[in-house]
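Down below is the structure, laid out as structure tokens.
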Amino acid sequence: MTPPDPHIAIRIAGLRTEIGGSTVHDDLNLEVRRGEIMGVVGASGAGKSVLLRAIVGLNRRAAGRIDVLGQDTAVLDEGGWRALRMRMGVLFQDGALFSSLTVGQNIQVPMDEFLNLPPALKDALTAMKLEMVGLSASTGRKFPSELSGGMRKRAGLARALALDPELLFLDEPTAGLDPIGAAEFDRLIRSLQRSLGLTVFMVTHDLDSLVAVCDRIGVLVDRRVVEGRLESLLANPHPWIQAYFRGPRGRAAMKA
Amino acid sequence: MAPSPGWFKSVHEDDRALIAFGGSWNLAAVARLEAELGALASPSAREAVLDLSAVETLDASGAWLLARTRAAFAAKGVPARYTGIKDAHAALIERIDHPVEIQPVAPPKAPPFIALLARLGDGATRAYSESLDIVGFLGLIVAALARSARSPQRVRLTSVVAHVERAGLNALPIVGLLSFLIGVVLAYQGVDQLRNFGAETFTVNLAGISILREIGVLMTAILVAGRSGSAFTAQIGTMRVREEVDAMRTLGLDPIDVLVLPRVLALTFVMPFLAFYAAIVGLFGAGMSALILLDMSPVQFVTQLNSAVHINHFWVGMIKAPVFGFLIALVGCRYGLKVKGSAENVGRRTTQAVVESIFLVIVFDAIFSILFSRLGI
């Protein structure tokens, strides 16, 4: 066995996943390097979210190997997963905030679960996270139902960042936001990624955010991922990839 | 190589406070060292220097603690600065190092007594508006029924049949099992108690009257409220959350016609059958117990039942059944349509629907009791 490469955050080899008897991914390979933003695109139903869920351990795999932060997730026991979960944060599509808790309490859930911190310190760290994602301090005692979609995403991001993870997963971070809000969210992710040194794995539909923030792009076609920089994907002859990036929306995003 | 855990060393050189930080300065280190560092800032020094040259890794929480330490010195009138910031950490320290307002995260709470008063008042006004609302909803249904009576093709027969199947046919096993057991329980208790007076054969009267008149229909209503009333709320509520009900309106469909009326008709129609079935199975349970306990043959049991129990008892039970079915469907559908916002709300409304429909069933049972007693039935 080769020792884990410290520059690779996620390595997927030969992954096959099945849902309800149909194969979603087959012999899928993907590498995400540390400190980069990897965007994953694909047609609706191509299995982008399934891939994300497989990496964070929410879906079972049928075959293949997934290494996250140098650890083979297939052999992890419960304690190993717990330790790994502390090092990664996930932002679900609509934030997935717990609706019975305030935003601040939501951010403190992982702190309570994994660490034993005095309340004053938790409040201070929560205030810091809120400020980091661009929410005002008074948002902390509001309930998720009182927030707009964009604010819920920011709050979800603050919760994902609560334990200062190394690895951040984003599921369609800009879906449902207006173009201005989406662009702001892109900038936020970019600046957080730079200052916190995060590795970001991002599933998206949004061509603008793909072009604006992603270092590399993985395209899910034919149950596999074709990865590369934007320029190399533009040269890829696959018809879906051509249609995606050369279509009217793709051209508009790249002109911007 | 794993980075070493975070540490700090504090030295006083002349009038300079020198604090050296090192190791991995992350959330774990913050949790460990926060209190210790908080006590460090003293006004005695003229200048404070935070030496970061030994810091191996830094995360946002670590940067926050550094910033707080610096701010603590500054607050005591001691100018503090960083030295030895690594390039990799500079951006993070710059991002974090500014004052942030801290606010509590718990939702605002009123003092207990005021909160109690507020809840009392809230409950009273809500009870009032709820009762108005339920009468309004009843009116909506009656109006829809009248429309359907004028043009019967408006009634969605397929939907009605589907709900009859789900709420009626599919409930047969559980209703039967429960009624059978209740019959057994009544017979056993009756025999035990009446034996003291040597009147154990009157168990048949006891079980017959109570099952036919009250327990058969009441048990059925409670089960149907838990099974179907809750399902109505959850189904319609989920449609509300997914905006399907609004979509229906924009397509020119009346949710009362499409969703409420079939359910109300189905449950009103099917309840008497369920109650009848429950009564028969309950009597069967009682009869079996009589056979075992009193050695009373089925023929004897039926003869005794025939002479002891007037047919009116049966009719009293049967008359109540459609009313209970109507009430359960009404309450279930009403709470379903009242769902707003999130999935959590569906759960809460479902609970409310079950509680309220059982409450109403028993209230109406009491009203029926008084009514029939006045009428001498």
Side-chain angles (χ1 to χ4, degrees), chain A residues 6 35 70 86-87 94 97-112 114-133 135-146 152 158 161-166 191-198, chain B residues 1-3 6 24-38 56-69 71-72 85-109 241 340-348:
Chain A
M86 276 188 77
R87 299 169 66 192
D94 195 35
L97 295 164
F98 305 122
S99 51
S100 57
L101 302 178
T102 64
V103 169
Q105 288 169 333
N106 260 288
I107 297 171
Q108 294 185 358
V109 166
M111 298 184 189
D112 289 334
F114 288 103
L115 300 163
N116 185 18
L117 302 177
L121 176 58
K122 276 194 302 189
D123 285 356
L125 289 173
T126 305
M128 189 249 305
K129 302 290 171 191
L130 282 173
E131 192 272 344
M132 239 161 57
V133 299
L135 291 173
S136 69
S138 61
T139 314
R141 59 195 315 182
K142 285 195 181 139
F143 284 97
S145 53
E146 300 171 67
R152 268 205 299 280
L161 293 173
L163 296 177
D164 290 319
E166 299 158 50
S191 93
L192 284 176
Q193 185 265 338
R194 285 217 178 102
S195 55
L196 303 179
L198 293 170
Chain B
M1 179 201 70
S24 60
W25 202 247
N26 54 19
L27 185 55
V30 171
R32 218 155 25 84
L33 301 172
E34 183 256 344
E36 223 179 308
L37 256 177
E56 291 162 41
T57 61
L58 182 71
D59 69 11
S61 303
W64 168 82
L65 188 55
L66 296 176
R68 201 197 64 172
T69 309
I85 298 179
K86 292 198 172 123
D87 290 345
H89 303 156
L92 182 55
I93 288 172
E94 205 202 327
R95 181 92 169 71
I96 300 290
D97 195 356
H98 52 82
V100 171
E101 186 193 351
I102 300 172
Q103 284 203 1
V105 301
K109 259 195 206 139
V241 170
K340 266 194 208 93
S342 63
E344 192 203 4
N345 200 249
V346 177
R348 202 167 54 231

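Please read all numbers here as calculations on a predicted model, not as lab measurements. The chains referred to below are lettered A, B, ... by the order of the sequence lines, with proteins before strands, and numbering in each begins at 1.
Ranked by heavy-atom pairs under 4.5 Å with chain B, the list A/Leu130, A/Leu121, A/Leu115, A/Leu125 is led by A/Leu121. The choice from A/Ser100, A/Gly104, A/Ala137, A/Pro144 that makes the most heavy-atom pairs within less than 4.5 Å of chain B is A/Ala137. Of the residues considered (B/Ala31, B/Pro108, B/Gly62, B/Ala91), B/Pro108 shows the highest number of contacts with chain A, using heavy-atom pairs under 4.5 Å. Note on A/Arg194, A/Gln105, A/Met111, A/Gln108: by heavy-atom pairs under 4.5 Å with chain B, the leading option is A/Gln105.
Contact record, B/Pro104 with A/Asp123: CA-OD2, 4.3 Å, taken as the closest heavy-atom pair. Across B/Val105 and A/Thr102, no two heavy atoms sit closer than the pair O-OG1, 2.6 Å. Contact record, A/Arg141 with B/Pro107: NH2-C, 3.8 Å, taken as the closest heavy-atom pair. Considering all non-hydrogen atoms of both residues, A/Pro118 and B/Glu34 come closest at CG-OE1, 4.0 Å.
For B/His98, the part lying under 4.5 angstrom from a heavy atom of chain A is the side chain only. Both the backbone and the side chain of A/Met132 have a heavy atom closer than 4.5 Å to some heavy atom of chain B. With a 4.5 Å cut-off on non-hydrogen atoms, B/Val100 touches chain A through its side chain but not through its backbone. Only the side chain of A/Phe143 comes within contact range of chain B, judged by heavy atoms closer than 4.5 Å. For chain B, no part of A/Glu166 is nearby; none of its heavy atoms comes within less than 4.5 Å. Within the 4.5 angstrom heavy-atom criterion, no atom of A/Lys122 approaches chain B. For B/Leu65, no part lies near chain A; criterion is any non-hydrogen pair under 4.5 Å. Of the two parts of B/Glu344, only the side chain, counted from C-beta on, holds a non-hydrogen atom closer than 4.5 Å to a non-hydrogen atom of chain A. Only the side chain of A/Thr126 comes within less than 4.5 Å of a heavy atom of chain B; its backbone N, CA, C and O stay farther away.
Using a 4.5 Å heavy-atom cutoff, the side chains of B/Leu92 and A/Leu196 are in contact. Side-chain contact check for B/Leu27 versus A/Leu163: some heavy-atom pair is nearer than 4.5 Å. You'll find the side chain of B/Ser61 reaches within 4.5 Å of the side chain of A/Met128, heavy atoms only.
Atom NZ of B/Lys86 is surrounded by more than 12 heavy atoms from other residues, nucleotides or ligands within 6.0 Å. More than 12 heavy-atom neighbours from other residues, nucleotides or ligands sit within 6.0 angstrom of CD on A/Glu146.
The distance from atom OG of A/Ser136 to atom CD of B/Gln103, rounded to the nearest 0.5 Å, is 7.5 Å. Rounding to the nearest 0.5 angstrom, the gap separating the CD1 atom in B/Ile96 from the OG atom in A/Ser195 is 7.0 Å.
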